[in-house]
Amino acid sequence: MKQTKERKSGLSELPDAVQGGVVLRFAPNPNGPLSFGHSRGVVINSEYAKRYDGRMILRFDDTDTVRKPPLPQAYSMIEEEFIWLSGITPEVIIASDRIEIYHQFAVELFHKDGSYVCECSAEEFKQHRVNKTECPHRENPLERNLELWGQMNDGTLAPGDAVVRVKTDMQLANPALRDWPALRIQDTNKNPHPRSEIGSRWRVWPLLDFQSAVEDHLQGVTHIIRGKDLMDSTRKQILLYEHFDWKYPETIYWGRVKVHEFGSFSTSGMRQDIESGEYEGWDDIRLPTIAALRRKGISAEALRSFWLELSLTQKDIKAALSTLHSHNTKVIDLKCPRTSAIRKPVEFTLDRKSVAIPTTLNIAAHPEHDDFEKRVFDISELTVFIEEADLQMAMQKDGLVRLKDLADVRLHGDGRAEILSLEPETGSSIIHWLPTGHETILHSVENGELKKEVVLFENNNHPNGTLLQLERIGYARKEENGLFICHG
RNA sequence: GCUCGUAUGGUGUAGCCCGGUCCAUCAUCUCGCCCUUUCGAGGCGAUUACGCGGGUUCGAAUCCCGCUACGAGCACCA
């Protein structure tokens, strides 16, 4: 019983998980909306929250105002995307609202002799770290630390002049853990926090390892699931927890995921390119953002299946986008009305000779949905448009081809489509076609480049935003200014 | 350099803790065939894998040792 459940969801049980007693969190930096990579964190954490009926916290780790300044719109975008992706509403915590709390713990740590204000330059301390030597500030008495702490906060000390370090042990085998930095000074006059209510209110900001560790404790987080690049973070934080005598959450890691088609994008890089106009927005279909995937028609359910099937392992993996598309097809195919678009249309005239044909056709909009409004093809003008590629294919078979839902025909070089029979008799390949239509632009992405193609699109009443299946081409979303291909 | 981690087919994944039922699961991709009111849909089928070398054992993907490859951390980023 237990085994089938694990197999089905792709996720194994969380260690020491208690029904109703699990607290998970997902903690992105709101310097941009969610990317494809983030969706793994959303899906895995939220699925566990559902499975154990636990609490789900969405925490914005927005404590860097200089290098990765938060994007004000990103907070609400991420929250909305989280809900869309997971189907559950998380509790929201914003780190920049809670700086005062982190300050209190920082001061408490001085009192516990668990930290000190270090006035070494980054380079000087690096020498100590490499040589396993203690820096002179390590022995600051409490009063001196408190005095310097005051100077960090009141502006006497500038960014780079001092940093608060957690006392671990300079002899630790792992260099990453030796007296790691917990809080630093940021010039918030020059680089105010983008949230207006925060702005320049604080000068001393916690680093990830301190902020995250304190917050996880305050929220009672029971399980942390994160990338294995944060393994040393866990070890650092455990050392901090020992000073406070707290119990560290269970921690599980996943490895790196590479999707070849997505190349390498960084949130800050995308932000720059959007601001410079290279991309039209976060939902530009070339971008690996959740916004772009959604716009093209990738469903939340497909994203969930995808990550769940990949499961939770520490292996670095190269995931295939085709797998995501396959999941998506299973979700959307049943809902997508069929419609036709002709690329490079070639016109033919129906030559009915002895075979009588109707003047209008009522064609199903979905093979399994009779209730979908029928498509009406008026062929009284006897014109049909087919794709140039299909013409070439047909010519290799003596021009024989079957026009879907109409007839077997033989295409002639003079532009005639000679009707052979209404019933399929020649066993020819079936191609899609249109009697008429209107021009629209088909947008797709090829090798990261945007491709725009004018196509003849079936006249239809589908409202903008509808996800359609373009017969024999693929799934695409209809928008005001064209069609946007999702995948085949 | 130090520290940590991972190694099952083209790509992912199950199995490994508690050795045999594993001539290794499932999905995806590729290729065939079938069906068909489109298809890259559906149905059926096929090819392809336990990193290397030792050891323990009647028996190892599973246990032990060594090696190799790859990845990550060693930021006053997250």
Side-chain angles (χ1 to χ4, degrees), chain A residues 3 6-8 10 12 27-31 60-64 66-68 70 95 118 120-122 125-126 129-130 132 152 159-165 172-178 180-186 204-209 211-212 226-236 253 255-260 267-268 305-306 308-327 329-330 333-334 336 338-340 361-368 370 375 402-406 424 429-433 469-475 487-488:
Chain A
Q3 274 214 335
E6 285 181 18
R7 272 299 260 283
K8 201 176 175 186
S12 48
N29 178 346
N31 59 342
F60 292 107
D61 283 351
D62 56 344
T63 56
D64 186 338
V66 181
R67 294 168 198 245
K68 292 183 177 176
C118 173
C120 292
S121 67
F125 194 83
K126 186 177 180 182
R129 181 168 51 235
V130 174
K132 296 186 176 182
M152 286 175 76
D161 288 349
V163 66
V164 176
R165 291 188 182 282
L172 254 21
N174 186 344
L177 311 185
R178 298 170 195 156
W180 53 272
L183 302 99
R184 84 318 205 166
I185 304 166
Q186 297 191 105
V204 178
W205 287 74
L207 274 325
L208 169 84
D209 287 310
Q211 179 268 130
S212 180
R226 58 181 168 202
K228 67 175 182 179
D229 52 313
L230 261 20
M231 275 184 169
D232 282 346
S233 255
T234 299
R235 299 182 183 105
K236 286 189 221 175
Y253 307 94
R256 262 178 30 157
V257 177
K258 264 187 191 166
V259 174
H260 177 255
T267 303
S268 42
S305 310
F306 176 80
L308 258 22
E309 184 176 273
L310 251 44
S311 183
L312 204 47
T313 69
Q314 290 187 27
K315 272 190 269 184
D316 296 325
I317 56 180
K318 294 186 287 282
L321 203 54
S322 57
T323 307
L324 174 64
H325 291 164
S326 169
H327 282 296
T329 296
K330 291 185 176 77
D333 186 66
L334 230 42
C336 291
R338 273 47 174 163
T339 185
S340 274
L361 294 173
N362 287 303
I363 298 173
H366 194 292
E368 293 172 49
D370 280 340
R375 297 190 276 160
R402 177 170 179 77
L403 299 179
K404 178 180 173 287
D405 298 317
L406 178 58
S429 304
I430 302 171
I431 64 168
H432 64 294
W433 58 281
Q469 190 206 69
L470 303 181
E471 291 181 306
R472 301 209 305 131
I473 296 176
Y475 302 92
H487 56 82

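A, B, ... follow the sequence lines: proteins, then strands. Residue 1 opens every chain.
When both pairing distances are held under 3.5 Å, B:rG71 makes a Watson-Crick or G-U pair with B:rC4. Base pairing annotation: B:rA78 forms no Watson-Crick or G-U wobble pair, as no partner gives both donor-acceptor distances under 3.5 Å. In a base pair of the Watson-Crick type (N1 to N3 plus N6-O4 or O6-N4) or a G-U wobble (N1-O2 and O6-N3), with each distance short of 3.5 Å, B:rG45 is matched with B:rC31. Across the strands present, B:rC52 finds its partner in B:rG66; the criterion is a Watson-Crick or G-U wobble pair with both atom distances under 3.5 angstrom. Pairing for B:rU37 is absent, with no Watson-Crick or G-U wobble pair whose two atom distances lie under 3.5 Å. B:rG12 and B:rC26 make up a base pair, with Watson-Crick or G-U wobble contacts both under 3.5 Å.
In this structure, A:K315 reaches the B:rU8 phosphate: one of its side-chain N or O atoms is under 4.0 Å from OP1 or OP2. For B:rU28, the OP1/OP2 oxygens have a side-chain nitrogen or oxygen of A:K330 closer than 4.0 Å. Considering only side-chain N and O atoms, A:K404 lies nowhere under 4.0 angstrom from the phosphate OP1 or OP2 of B:rU36.
Proximity note for A:D405 (side chain, C-beta onward) versus B:rC39, B:rU37, B:rU13: the nearest is B:rU37. Ranking B:rC4, B:rA41, B:rA14 by closeness to the A:S311 side chain, first place goes to B:rA14. Side-chain atoms of A:D316 lie closest to B:rG71 of the nucleotides B:rG71, B:rU11, B:rU3.
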Let me see the working for A:L207 and A:R184 under side chain to side chain contact (heavy atoms under 4.5 Å, CB included), right down to the final yes or no. CA-CA 7 Å; A:L207 274 325; A:R184 84 318 205 166; 3.5 Å; yes

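When all heavy atoms of A:L177 and A:K236 are compared, the pair lying nearest together is CD2-CG, 3.7 Å. The shortest non-hydrogen separation linking A:S340 to A:E471 is OG-OE1, 2.7 Å. Scanning both residues, A:T234 and A:R226, for their nearest heavy atoms gives OG1-NH2, 2.7 Å.
A:D232 and A:N174 share a donor-acceptor pair across their side chains, judged by distance under 3.5 Å alone.
Atom CD1 in A:I317 sits about 6 Å away from atom C1' in B:rG12, given to the nearest Å. Following rounding to the nearest Å, A:L308 (CG) and B:rA14 (P) show an atom-to-atom distance of 12 Å. As rounded to whole Å, 14 Å separates atom C1' of B:rC34 from atom CD1 of A:I430. Here B:rA72 presents its P atom at 18 Å from CZ of A:R226, a figure rounded to the nearest Å. Nucleotide B:rC2 holds its P atom 16 Å from the NZ atom of A:K126, rounded to whole Å. In this structure, A:E368 places its CD atom 15 Å from P of B:rU36, rounding to the nearest Å.
Put simply, the side chain of A:R375 reaches to within 4.5 Å of the side chain of A:R338, judged on heavy atoms.
A:R256 comes within contact range of the sugar-phosphate backbone alone, with a heavy-atom separation under 4.0 Å but no base atom that close. The residue A:T313 sits close only to the backbone: its heavy atoms come under 4.0 Å of sugar-phosphate atoms, none of a base. Contact annotation for A:A364: base contact, defined as any heavy-atom pair under 4.0 Å involving a base atom. Residue A:L470 is classed as having no contact, given no heavy-atom separation below 4.0 Å to the nucleic acid.
Contact annotation: side chain of A:E309 to base of B:rU28, donor-acceptor pair absent below 3.5 Å.
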Return the polar atom pairs (N/O with N/O) between nucleotides 76-78 of chain B and the protein under 3.5 Å, or none.
unit_1	atom_1	unit_2	atom_2	d
B:rC76	O2	A:G160	N	3.3
B:rC76	N3	A:G160	O	3.3
B:rC76	N4	A:C120	O	3.1
B:rC76	N4	A:G160	O	2.6
B:rC77	OP2	A:R184	NE	2.8
B:rC77	OP2	A:R184	NH2	3.3
B:rC77	O3'	A:D64	OD2	3.4
B:rC77	O2'	A:D64	OD2	2.9
B:rC77	O2	A:K68	NZ	2.4
B:rA78	OP1	A:T63	OG1	2.7
B:rA78	OP1	A:R184	NH2	3.2
B:rA78	OP2	A:L208	N	2.9
B:rA78	O3'	A:D61	O	3.0

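Note: A:H325 and A:H487 have parallel aromatic rings, judged against thresholds of 30 and 60 degrees for the angle between ring planes.
A:K132 NZ: more than 12 foreign heavy atoms inside a 6.0 Å radius.
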